[in-house]
Amino acid sequence: MDETRLSAYERRVLAEIEEDLSADDGLARRMTGHRPARRLPAPPAGRLGAPAAVVLGAATLTLLVLAVATSAPALIWAFAAAWVVTLILLLRLVVRWTRRHAGGGRPAD
């Protein structure tokens, strides 16, 4: 197999690039795989998820009853928006609970 050699200029440029890269400690840690795990504090939404779901669920139920009783378009749209937010919050709580009980570690928010 025909092997191509680098010229003196190309070797010098390559050496400069390697020197610059080796001086970057963050890059060196990422490349070696010894990157320290960052532990971020749990966001407040994680601790307040269940109470928020209960309050939002009660508000959604109230909006549903009012929307059915009055047939007002504004109440129907408010119920629809609250229902979507409630479902998203409940889904996040279920995912967090299953990861915690399945041994998946801390969920990535």
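Fair warning: this is a prediction, and the values are worked out from it, not measured in the lab.
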Using the rule side-chain contact (heavy atoms from CB on, under 4.5 Å), only one of V55, T60, L61 pairs with T86; which is it? T60
Mind checking whether V68 and W83 sit in one hydrophobic cluster, side chains of I, L, V, M, F, W, Y counted as touching below 4.5 Å? yes
Look only at the side chain of E18 and the backbone of A15, and say whether a donor-acceptor pair between them is shorter than 3.5 Å. no
Please answer: with hydrophobic residues joined when any side-chain heavy atoms are less than 4.5 Å apart, are I17 and Y9 in the same cluster? yes
Just checking E19: does its CD atom have more than 12 heavy atoms from other residues, nucleotides or ligands closer to it than 6.0 angstrom? no
How long is the span from the CG atom in L90 to the CG atom in L56, to the nearest 0.5 Å? 8.0 Å
Roughly how far, to the nearest 0.5 Å, is the CG atom of L75 from the OG1 atom of T70? 4.5 Å
Nearest heavy-atom pair of L89 and A52: which atoms, and what distance? CD2-C, 3.8 Å
State the CD1-CG distance between I88 and L93, to the nearest 0.5 angstrom. 12.0 Å
Output the distance between atom CZ (R11) and atom CD (E16), rounded to the nearest 0.5 Å. 13.5 Å
Any side-chain heavy atom of L91 within less than 4.5 Å of one from L87? no
